[in-house]
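Atom set for the values below is all heavy atoms of this structure, side chains included, hydrogens, waters and symmetry mates excluded.
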Amino acid sequence: MSTGALRVAVEAVALCGPGLSDWASGHAVLSGHEPHCAAPLVLQAPVQLSAAERRRAVPSVKLALQVGAAAVAQSGRDAGQLAAVFASSGADGETIAAILAALETVQREVSPTRFHNSVHNAPSGYWGIAVQSREPVSSVSCHDASFAAGLLEAAVQAVAAERAILLVAYDLPYPPPLDQMRHIDAGFGVALVLRPGPQDASSRAGLAELRLSLTDGGVASGCADRGLEALRRGNPTARALPLLVMLAKRSSGTVRLDLSRGGLDVEVRPC
């Protein structure tokens with residue numbers, strides 16, 4: 001790690017994936033105390049939204065809000081006062097498929113709600129409505145490296161603005177026939193509340209300090225557990241799993257994440 005590495009502290013973690021319904025249950029699996037058993041993804045209704053907005057919420061919105069709200073609740077911070085970074089490799093697959101199907105009809109009528117939900121930053125918009133936030137929100141995408149790009153963006157913002165940042169990353173499978181061109185095995189979402197590091201006596205309690213630095217590339221870190229490794233390979237956001245494993249185990253070490261052109265080394269130092 002270079003001396004110029006970005007330093008941030010992790011205040012809270014939330015996740016949702018197959019067999020990893022939340023951080024409390026997923027922690028036992030990630031730390032190696034329980035085996036990973038894949039199970040269907042369970043998405044909760046975003047209770048922060050009004051009934052009308054909940055009816056419009058598509059799966060990507062539900063997943064993003066679910067993990068985002070859980071991370072903020074764990075941190076004890078006011079969600080409306082947090083700047084945020086949202087990261088995903090694409091927009092809502094079900095919405096895109098529905099729009100394309102509508103364009104194949106004679107009428108070619110596309111629902112305004114479908115169009116609204118088709119944009120990449122729809123989940124961040126719903127988040128702002130849900131928590132009544134007027135704080136800055138960014139939405140980033142970098143194909144299979146979207147989690148790493150989001151983590152880097154969130155860390156840069158935390159250090160530059162000297163404030164806490166919520167990172168929310170999420171990806172879901174595409175329905176047929178789009179899945180033939182862009183296959184994602186299963187849904188996965190993760191959220192982190194980050195603040196400028198390092199930890200000191202005056203700081204909020206944190207799980208770990210992260211030191212981020214860019215590299216020229218190299219092999220990305222994997223998971224020793226076969227089930228977790230399959231999940232990591234099958235979903236862009238699940239590339240976060242090696243980092244989550246280290247946070248769950250409270251281990252020291254370095255995780256390498258692919259960043260499309262080059263890599264991102266994340267040194268983990270438990271608090």
Side-chain angles (χ1 to χ4, degrees), residues 13-23 26 29-30 36-44 46 57-68 70 85-101 114 117-124 126-127 139-153 167-192 219-223 225-245 255-260 263-264:
V13 186
L15 61 79
C16 180
L20 303 165
S21 58
D22 54 31
W23 180 246
V29 176
L30 296 174
H36 176 248
C37 299
L41 191 72
V42 178
L43 298 181
Q44 302 169 1
V58 291
S60 61
V61 171
K62 293 178 181 179
L63 178 56
L65 267 61
Q66 183 171 325
V67 294
V85 173
F86 282 68
S88 178
S89 70
D92 189 78
E94 288 190 9
T95 300
I96 300 299
I99 290 175
L100 293 176
R114 287 291 192 187
N117 285 327
S118 70
V119 294
H120 180 259
N121 63 345
S124 66
Y126 278 94
W127 174 259
S139 293
V140 302
S141 183
C142 190
H143 198 57
D144 285 345
S146 292
F147 172 76
L151 177 60
L152 179 60
E153 176 67 20
L167 169 64
V168 180
Y170 50 94
D171 274 296
L172 287 160
Y174 286 87
L178 297 181
D179 65 333
Q180 297 177 24
M181 301 301 297
R182 174 63 169 159
H183 182 74
I184 295 176
D185 287 345
F188 191 86
V190 61
L192 305 173
V219 179
S221 300
C223 296
D225 182 279
R226 291 185 179 181
L228 293 178
E229 177 62 11
L231 179 56
R232 185 192 75 85
R233 290 175 175 270
N235 182 296
T237 293
R239 304 296 198 273
L241 279 168
L243 173 59
L244 298 180
V245 167
V255 169
R256 175 161 293 177
L257 303 174
D258 179 58
L259 199 56
S260 187
L264 180 67

* To do: May I have the step-by-step check of side chain to side chain contact (heavy atoms under 4.5 Å, CB included) for F147 and N235, ending in yes or no?
  => CA-CA 10 Å; F147 172 76; N235 182 296; over 6 Å; no
* **Pairing residues for A64 by the side-chain contact (heavy atoms from CB on, under 4.5 Å) criterion, not counting sequence neighbours** => F86, P123, V168, Y170
* Structure fact -> Heavy atoms of D179 and P176 approach each other most closely as OD1-CA, 3.2 Å
* For S118 and A91, work out which heavy atoms get closest and say how close. => O-CB, 3.1 Å
* At what distance, to the nearest 0.5 angstrom, does OG of S89 lie from OH of Y174? -> 5.0 Å
* Please name the pair of heavy atoms, one in Q66 and one in Q44, separated by the smallest distance, quoted to 0.1 Å. => OE1-N, 2.7 Å
* Non-hydrogen side-chain atoms of L65 and W127 separated by less than 4.5 Å -> yes
* To do: Mark yes or no for whether H36, through its side chain, and P18, through its backbone, hold a donor-acceptor pair below 3.5 Å.
  => yes
* Asked: Rounded to the nearest 0.5 Å, how far apart are CZ of R256 and CG of L243?
  -> 14.5 Å
* Worked check of side chain to side chain contact (heavy atoms under 4.5 Å, CB included) between V58 and D92 -> CA-CA 7 Å; V58 291; D92 189 78; 3.6 Å; yes
* CZ of R239 to SG of C223: how many Å apart, nearest 0.5 Å? -> 11.0 Å
* Which of these passes side chain to side chain contact (heavy atoms under 4.5 Å, CB included) with L41: P173, C16, P59? -> C16
* Salt bridge or not for E229 and R232, using N-O below 4.0 Å? -> yes
* **Side-chain ion pair, R182 and D144, N-O less than 4.0 Å** => yes
* To do: Could you check if a side-chain atom of V119 sits within less than 4.5 angstrom of a side-chain atom of S139, using non-hydrogen atoms only?
  => no
* To do: Run the numbers on L20 and L244 for side chain to side chain contact (heavy atoms under 4.5 Å, CB included), then give the verdict.
  => CA-CA 12 Å; L20 303 165; L244 298 180; over 6 Å; no
* Nearest non-hydrogen partners of H120 and V140, listed with the distance -> CE1-O, 3.1 Å
* To do: Could you tell me whether the side chain of V245 reaches within less than 4.5 Å of the side chain of D225, counting heavy atoms only?
  => no
* To do: Show the numbers, then the answer: is there a side chain to side chain contact (heavy atoms under 4.5 Å, CB included) between S141 and S146?
  => CA-CA 5 Å; S141 183; S146 292; 3.9 Å; yes
* Asked: Mind checking whether L172 and I184 have side chains closer than 4.5 Å, heavy atoms only?
  -> no
* Structure fact -> So CG of L264 and CG of L152: to nearest 0.5 Å the spacing works out to 5.5 Å
* Does the side chain of L15 come within less than 4.5 Å of L241's, by heavy atoms? -> no
* **Heavy-atom closest contact (G19 atom, V29 atom, distance)** => O-CG2, 4.4 Å
